[in-house]
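Quick caveat, the model's predicted, so the values are computed rather than measured.
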Amino acid sequence: MPLVRIALRRGKPSSYLAALRNGIYTAMREVFDVPENDRFILVSQHDADEFDYDPGYLGISRSDDLVIVQIFCNDSRTVDKKKALFRRIVEHLEASPGIRPEDVFINISETSKINWSFGNGIAQYAL
């Protein structure tokens, strides 16, 4: 069960935000073994003074269109699956809504299954 957080600068239209959510979800379904309807995605938009990044870290030229994607998930995927997910997310977001690959920053944060409750105060994966 991935939980996705997307952060970007304020000002993009709702169609742009929908394309972000849809592109990331589709990539997770295609290469990250995410089941259908396992969709939990949060978008936060920030004013310029709340969104700080280095425009040239590691020789990558970033712009104010930078999108930061954090994916919280179970610690069950291989390195190859993670690399494939990074590539596929960038491909989808480049196609729609048209984000440059340099402006897609992705982080995967893994945890064990016991750390999830999907509702009702139950650790569903621990049963």
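- For Ser117, there are no side chain to side chain donor-acceptor pair (under 3.5 Å) partners two or more places apart in sequence or in a different chain.
- Summarising the geometry of Gly119 relative to Gln124, their closest heavy-atom pair is O-NE2, 2.9 Å, with the distance given to 0.1 Å.
- Scored by the side chain to side chain contact (heavy atoms under 4.5 Å, CB included) test, Pro101 finds Val90, Glu94 as partners (sequence neighbours excluded).
- The side chain to side chain donor-acceptor pair (under 3.5 Å) search around Ser44 returns His46, not counting sequence neighbours.
- Applying the side-chain hydrogen bond (donor to acceptor under 3.5 Å, both in side chains) test to residues at least two apart or on different chains, the pairs with a partner in residues 28-39 are Asn22-Arg39, Glu30-Arg88, Glu30-His92, Asp33-Lys81.
- The only member of Val34, Ile71, Ile106, Ile24 that meets side chain to side chain contact (heavy atoms under 4.5 Å, CB included) when paired with Leu85 is Ile71.
- Every residue two or more places apart in sequence or in another chain that forms a salt bridge (Lys or Arg N to Asp or Glu O under 4.0 Å) with Glu102 is listed here: Arg100.
- When all heavy atoms of Asp65 and Ile99 are compared, the pair lying nearest together is O-CG2, 4.4 Å.
- The salt bridge (Lys or Arg N to Asp or Glu O under 4.0 Å) pairs that include a residue from residues 66-79 number zero, where partners must be two or more places apart or lie in different chains.
- Atom CG of Asp47 is surrounded by more than 12 heavy atoms from other residues, nucleotides or ligands within 6.0 Å.
- By the salt bridge (Lys or Arg N to Asp or Glu O under 4.0 Å) test, Asp54 is found to be paired with no residue, residues two or more places apart in sequence or in another chain being considered.
- Partners of Leu17 by side chain to side chain contact (heavy atoms under 4.5 Å, CB included), not counting sequence neighbours, listed by chain and number: Leu8, Lys12, Leu20, Arg21, Val43, Gln45.
- With sequence neighbours left out, Lys113 forms a salt bridge (Lys or Arg N to Asp or Glu O under 4.0 Å) with no residue at all.
- Residues meeting the ring-ring contact (aromatic ring centres under 6.0 Å, His included) test with Phe105, sequence neighbours left out: none.
- Contacts classified as ring-ring contact (aromatic ring centres under 6.0 Å, His included) and involving residues 12-40 (residues at least two apart or in different chains) are not found.
- Every residue two or more places apart in sequence or in another chain was checked for a salt bridge (Lys or Arg N to Asp or Glu O under 4.0 Å) with Lys83, and none qualifies.
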